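Here's the structure we're looking at; comments come further down.
Predicted model only: the values in this text are computed from it and were never measured. Below, chains carry the letters A, B, ... as their sequence lines are ordered, and counting in each starts from 1.
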Amino acid sequence: MSDSDESNLGRVCRQMAVPVLLVVIALFQHHRARTIGQSSWIGCGFGMFATLDNHISRFVLPRLAADTRQVSPILESSLNRVKVIPTQKNLDRLRDEVVGLNRDASPGRLALYKIAFDPEENILSASMILESSEP
Amino acid sequence: MTENSPDGTSLPRVEKELAPPELLNVILWLSCLLMLVASDKSVYLATIAILAALLSWLFPSLIRDPRLWLAAGILQVVRNVMVWTRLDDHIAVANYWSFALALSLASPRILSVARGNARWILALVFLFATGWKATSAEYVTGAFFEYTLLLDDRFLSLARWVGGVPTESLAENYRQMALLRDGALPGFEFVARSTDQAHRLAQFLTWWTVIIEGAVAATFLVACLGWITPVRNWLMVLFAATTYVLVPVTGFCAVLMVLGFAQCQPNERRSRWAYGGVFFAALLWTPIWHLLH
C-alpha cells in the first residue's frame with residue numbers, strides 16, 4: 001500500500017467512522033421502535049416530533065383503586081424506562097419496586113396506558129397497552 | 001509538512017493554504033460552548049465543558065489536541081449511556097461531534113475532515129428525521145400537530161395567536177388532559193377544543209416541516225457526495241429560524257448551527273456568519289421566549 005493510498009484510507013475512516021456509528025445506532029433504534037414499541041423520541045434515532053404514541057404520552061396507573069394513584073417519584077428511572085420501552089419485563093420490574101416501597105399496602109397491578117387521539121372528532125381517550133403480571 | 005502558527009502550535013501547511021488557523025480556533029471554541037449549551041442541565045456534562053474550556057484557555061494548544069476531544073467524548077458517553085432512556089437526541093449529536101473533532105484533529109487535513117464529518121452528521125440527522133415523519137401514520141394525517149397544538153403548552157402561543165384557539169379553550173384542554181392522565185375516572189374521554197384555523201395550521205406545520213427537513217437532508221447529502229449546493233446553508237438557517245423561534249429547543253439549535261458552521265467551505269463566509277448569528281440569537285431568544293410565554 002502506498003503512502004497516498006494509506007492516507008486516503010485513513011481520511012475516509014476519520015471522516016466516516018462517526019457517521020457510520022450514527023447510522024448503526026439510529027437503525028437499531030428504528031428496529032426496536034418497530035418491534036417492541038420503543039419510543040421514537042428516545043434512543044438516537046431522530047424520530048422526535050413524528051409520533052403521538054411516545055414516552056411522553058404514555059403513563060402508568062395502578063389497576064386497583066385501593067392503591068396510591070401516583071407511582072412514587074423515587075421510581076422515576078424505572079417509570080421512565082417502561083414508558084420508553086414498554087415491555088412486560090420492565091413493567092413487572094416497576095411493580096416489584098412499587099411493592100418494595102409500599103410493603104403495608106396491597107400493591108395490586110400496574111397498567112401502562114397511551115393516549116389515543118381521533119383527529120376527525122378531536123376525541124382523546126386512554127387505552128391500556130400493557131398490564132403487569134400478578135405480584 | 002508543518003509550520004508554526006502564531007501561538008507556537010504546528011499546523012499542516014495544506015490547511016493553512018485552505019483556511020486561516022483562526023477558523024479552526026473558532027470552530028473549536030464554539031464546540032466547547034456547544035458542550036455547555038447542550039449539557040442538558042447536567043452538572044457532570046457542564047463540568048466537562050467548563051474544564052475543557054478552562055484547560056484550553058490556560059494551555060492554548062490543548063484545544064487542538066485530539067486527546068482532549070476524545071476524553072470529552074468518552075466522558076460524555078459514560079453519562080449518556082447511563083441515562084439513555086431520557087437522553088435527547090441533540091445531546092447524542094454533540095457527543096458524536098466530540099469524537100468527530102478528535103478524529104479530525106488527528107488528521108493532517110483537519111478542516112477538511114471536520115467539514116466532511118459535520119456535513120454527514122447533519123445530512124443523516126435530517127434524513128432520519130424526515131424518514132420517521134414520512135412513515136408515521138400519525139404524522140402524515142396531521143394528527144400529530146393537531147394534538148400538539150391543542151395539548152402541548154410549548155405550542156400555546158402558536159395555537160392562540162396563529163391558530164385562533166382562545167386561551168380559555170387551551171386551558172380547558174390541559175385540564176381535561178390532566179384528568180385523563182390521572183386515571184381517576186375510568187373510561188373518561190373528552191373532546192379537545194379547537195378551531196378550523198388551528199386545523200389548517202396543523203396541516204401546514206405537518207407538510208412544511210417534512211418538506212423543509214427533507215430539503216435540508218437532500219441538499220446536505222448531495223453536498224456530501226461532492227456536488228455543489230450553496231443553497232443548503234440557507235435552507236438550514238431557514239429551518240432553524242422557523243422552528244426554534246416558535247419552540248426554542250436551544251440545545252438542538254446550537255448543535256445544528258455549530259455543525260453548520262463547521263461544514264462551510266472556506267469561501268462561504270456569509271453562511272458562517274449566518275450560522276454563528278443564529279447560534280447566539282438562539283441563546284438570547286430562549287429566555288425572552290420564556291418571559292413572553
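With chain B as partner, the option from A/Phe59, A/Phe117, A/Phe46 having the largest number of non-hydrogen pairs under 4.5 angstrom is A/Phe46. With respect to chain A, the highest number of heavy-atom pairs below 4.5 Å among B/Trp120, B/Tyr139, B/Tyr147 belongs to B/Tyr147. Note: A/Pro19 leads A/Ser127, A/Pro119, A/Pro19 in heavy-atom pairs under 4.5 Å with chain B.
The contact list for residues 84-106 of chain B toward chain A, using heavy atoms and a distance under 4.5 Å, reads B/Trp84, B/Thr85, B/Arg86, B/Leu87, B/Asp89, B/Ala92, B/Val93, B/Tyr96, B/Phe99, B/Ala100, B/Leu103, B/Ala106 by residue number. Residues from residues 36-45 of chain A that place a non-hydrogen atom less than 4.5 Å from a non-hydrogen atom of chain B comprise A/Gln38, A/Ser40, A/Trp41, A/Ile42, A/Gly43, A/Cys44, A/Gly45, given in numerical order. Residue-level contacts of residues 245-252 of chain B with chain A, in order of numbering, are B/Phe252; threshold 4.5 Å between heavy atoms.
Minimum heavy-atom separation, A/Ile115 to A/Ser57: CG1-O, 3.2 Å. Across every non-hydrogen atom of A/Glu131 and A/Leu91, the tightest pair is C-CD2, 3.5 Å. In this structure, B/Arg181 and A/Arg58 approach most closely via the heavy-atom pair NH2-O, 3.5 Å.
Counting heavy atoms from C-beta on, the side chains of B/Trp132 and A/Gln29 come closer than 4.5 Å.
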Could you please spell out the steps behind the side-chain contact (heavy atoms from CB on, under 4.5 Å) verdict for A/Arg32 and A/Ile85?
CA-CA 9 Å; A/Arg32 285 170 62 89; A/Ile85 315 162; 3.7 Å; yes
Take A/Arg11 and B/Ser112 through the test side chain to side chain donor-acceptor pair (under 3.5 Å) and record every step on the way to the result.
CA-CA 9 Å; A/Arg11 188 181 170 197; B/Ser112 169; 2.4 Å; yes
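Residues A/Ser133 and A/Asp92 have side chains that bring a donor and an acceptor to within less than 3.5 angstrom of each other. With 3.5 Å as the limit, one finds no donor-acceptor pair spanning the side chains of A/Ser77 and A/Asn80. With 3.5 Å as the limit, one finds a donor-acceptor pair spanning the side chains of A/Arg34 and B/Thr135. A donor-acceptor contact closer than 3.5 angstrom links the side chains of A/Ser78 and A/Glu97.
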Report all side-chain donor-acceptor pairs from residues 188-198 of chain B shorter than 3.5 Å, counting only partners two or more places apart or in another chain.
{"unit_1": "B/Thr195", "atom_1": "OG1", "unit_2": "B/Gly163", "atom_2": "O", "d": "2.6"}
{"unit_1": "B/Thr195", "atom_1": "OG1", "unit_2": "B/Ala198", "atom_2": "N", "d": "2.9"}
{"unit_1": "B/Gln197", "atom_1": "NE2", "unit_2": "B/Val162", "atom_2": "O", "d": "2.7"}

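Aromatic ring centres of B/Phe126 and B/Phe239: separated by under 6.0 Å.
Using a 4.5 Å cut-off between heavy atoms, B/Thr209 does not touch chain A at all. With a 4.5 Å cut-off on non-hydrogen atoms, B/Leu150 touches chain A through its side chain but not through its backbone. When heavy atoms are compared at a cutoff of 4.5 Å, A/Asp118 does not approach chain B at all. The contact between A/Glu121 and chain B is made entirely by backbone atoms, counting heavy-atom distances below 4.5 Å.
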